[in-house]
**Student:** 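Got a structure for you, written out below as structure tokens; questions coming shortly.
Reckoned from all heavy atoms, side chains included, excluding hydrogens, waters and symmetry mates.
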Amino acid sequence: LICLEKKLKKILFLLILVIVALFQITYLESLRIFNVKPDLILVLLVLVSIYFDFKKALVLSIFLGFLKDLFGVDKIALNIPLFVLWSYLVFKLSRKIIVEKNFIKALFVFLINFLHNIIRYFIISFLIKDQIPIFIFLRILILESFYTTLVSPLLFMGFKTFFYK
Amino acid sequence: VNLHLNKFKKRQLINFFYFSLFIFILSLIIPAFRSPVLFILRFPLKILTFLGHEANGIIFYHLNMVQKEKLTKEVEFLKQKLVNLEEVSSENKRLKKLLSLKEETSYKVIAAKVIGRSVDSWSSQIIIDKGSSQGIKEGLVVISYAGLVGRIKEVSLSTAKVMLLNDLNMAVAAMVQRSRQEGLVSGTLSPNLIMRYLPKDSDVKISDTVITSGLTPLYPKGLLIGTVVQIGEEFSGLSRYCIIKPAVNLSSIEEVLIIIS
């Protein structure tokens, strides 16, 4: 019975990840500020990399990358390798720093979002073969990183409630 | 001990190589899975969109009521105007016949509902509830009753992704309706668009209407893009640019029309 409960919880967790991804492409649109919206999938990536063991975190990072690539239009699923890289980075960092406080976790979210946006900028610049105006890059880089960081404690709480119940 | 350590490192390196190869192959094949997965996810997406739409209706009840009153008055006014225009239109047809001009046919369109939007801030797109089974193809032009919206970027069996006008990848040959001045309209990932490559002495004014010029074969001539809200000079000083407010509110669009022929 305990085994079944554990399995159900795993399925439920995967379902929650999918629901958060669906939220990302529907309701979050109305929360745009300066045409920028928080990246909840990236927050989830940081959380799974902090709380799960390396193998689980790696599998979930591939799953989250898949979810993000699913709703994009890129010919190559670039989010998967990037998410694996960020997951590895967060996993290694979280084993060296005490991450119990929400402030530290939020800092991780900021760092990963910042790095992710920089890489995305270079990829998009390469793909569209045109220079993206610097103000567009800075607007998305800075605002999205801060916005996602500010929203992330809500997901931290939800995550904690789900796993400690 | 050294030999053992070397063996361990070698094994780790091989594992890393295989894992990287796996991720690389996964990155290449994942786009092929989009169509079947989106087919499954279109139902929860439709439900979420419907719930959001209903919640909006309740939250903005008073605003909607005021807007309804305003629009009812506007409809009455436009009805009157339409009668006059019909008269002009029939006169125009008669005159065209006399001049033996080829009559322009109206577009054949398919209506679709928006069920999803872009996943991050680096792209501007919508997901619609019509796909290849309804005749949607990649590259088709998407409009709304107000004007140009974008074009179909990716099609699955029952859904399609539309790249909006304000996406960085978008570029539409356009012209100022009044002066016929041509330029290139592209997206800025913000609510406004930018029209570039205008000569320094170009005849562009604030509030000018911008339409498609038909130079990009994909977009039919005469589709409304928006109005000029700001005019500036490029950094090089050789040309001008203008900021355009799209005729369609791209951030809150709920229904679109796809021109199929």
**Student:** Contact part of B:Phe19 toward chain A, heavy-atom cut-off under 4.5 Å: side chain, backbone, both or neither?
**Tutor:** side chain

**Student:** Using non-hydrogen atoms and a 4.5 Å limit, figure out which bit of B:Asn166 sits close to chain A: side chain, backbone, both or neither.
**Tutor:** side chain

**Student:** Specify which of B:Thr49, B:Leu28, B:Asp120 makes the most heavy-atom pairs with chain A at under 4.5 Å.
**Tutor:** B:Asp120

**Student:** Under a 4.5 Å heavy-atom cut-off, does chain A meet the side chain of B:Ile127, its backbone, both or neither?
**Tutor:** side chain

**Student:** Heavy-atom cut-off 4.5 Å, strictly under: side chain, backbone, both or neither for A:Tyr27 against chain B?
**Tutor:** side chain

**Student:** Using non-hydrogen atoms only, which part of A:Ile41 is less than 4.5 Å away from chain B: side chain, backbone, both, or neither?
**Tutor:** side chain

**Student:** Relative to chain A, which of B:Gln125, B:Lys153, B:Met163 shows the most heavy atom pairs under 4.5 Å?
**Tutor:** B:Gln125

**Student:** Looking at B:Ser121 and A:Asn35, what are the two nearest heavy atoms and their distance?
**Tutor:** CB-O, 4.4 Å

**Student:** Take A:Phe23 and B:Leu48 through the test side chain to side chain contact (heavy atoms under 4.5 Å, CB included) and record every step on the way to the result.
**Tutor:** CA-CA 8 Å; A:Phe23 261 67; B:Leu48 283 176; 4.3 Å; yes

**Student:** Using side-chain heavy atoms (C-beta onward) and a distance below 4.5 Å, is B:Val119 in contact with A:Asn79?
**Tutor:** no

**Student:** Below 4.5 Å, heavy atoms only, C-beta onward: do B:Trp122 and A:Ile123 meet side chain to side chain?
**Tutor:** no

**Student:** Less than 4.5 Å apart, side chain to side chain, heavy atoms only: is that true for A:Ile136 and B:Ser190?
**Tutor:** no

**Student:** Checking B:Phe22 against A:Ile62 for the side chain to side chain contact (heavy atoms under 4.5 Å, CB included) test, could you report, in this order, the C-alpha distance in whole Å, the side-chain angles of both residues, the deciding distance, and whether it holds?
**Tutor:** CA-CA 11 Å; B:Phe22 166 70; A:Ile62 291 172; 4.0 Å; yes

**Student:** Which answer fits A:Gln24, side chain, backbone, both or neither, if we ask what part of it has an atom under 4.5 Å from a heavy atom of chain B?
**Tutor:** both

**Student:** Given the options A:Leu28, A:Val36, A:Asp39, A:Asn117, which has more heavy-atom pairs under 4.5 Å with chain B than any of the others?
**Tutor:** A:Asn117

**Student:** Below 4.5 Å, heavy-atom pairs only: which of A:Thr26, A:Ile140, A:Val84, A:Ile80 has the largest tally toward chain B?
**Tutor:** A:Ile140

**Student:** Side chains of B:Leu189 and A:Arg139: does their closest heavy-atom pair fall under 4.5 Å?
**Tutor:** yes

**Student:** Please classify the contact between B:Leu51 and chain A as side chain, backbone, both or neither, with a heavy-atom cut-off of under 4.5 Å.
**Tutor:** both

**Student:** After noting the C-alpha distance and the side-chain angles of A:Phe66 and B:Leu26, does the key distance pass the side chain to side chain contact (heavy atoms under 4.5 Å, CB included) rule?
**Tutor:** CA-CA 9 Å; A:Phe66 167 72; B:Leu26 206 65; over 6 Å; no

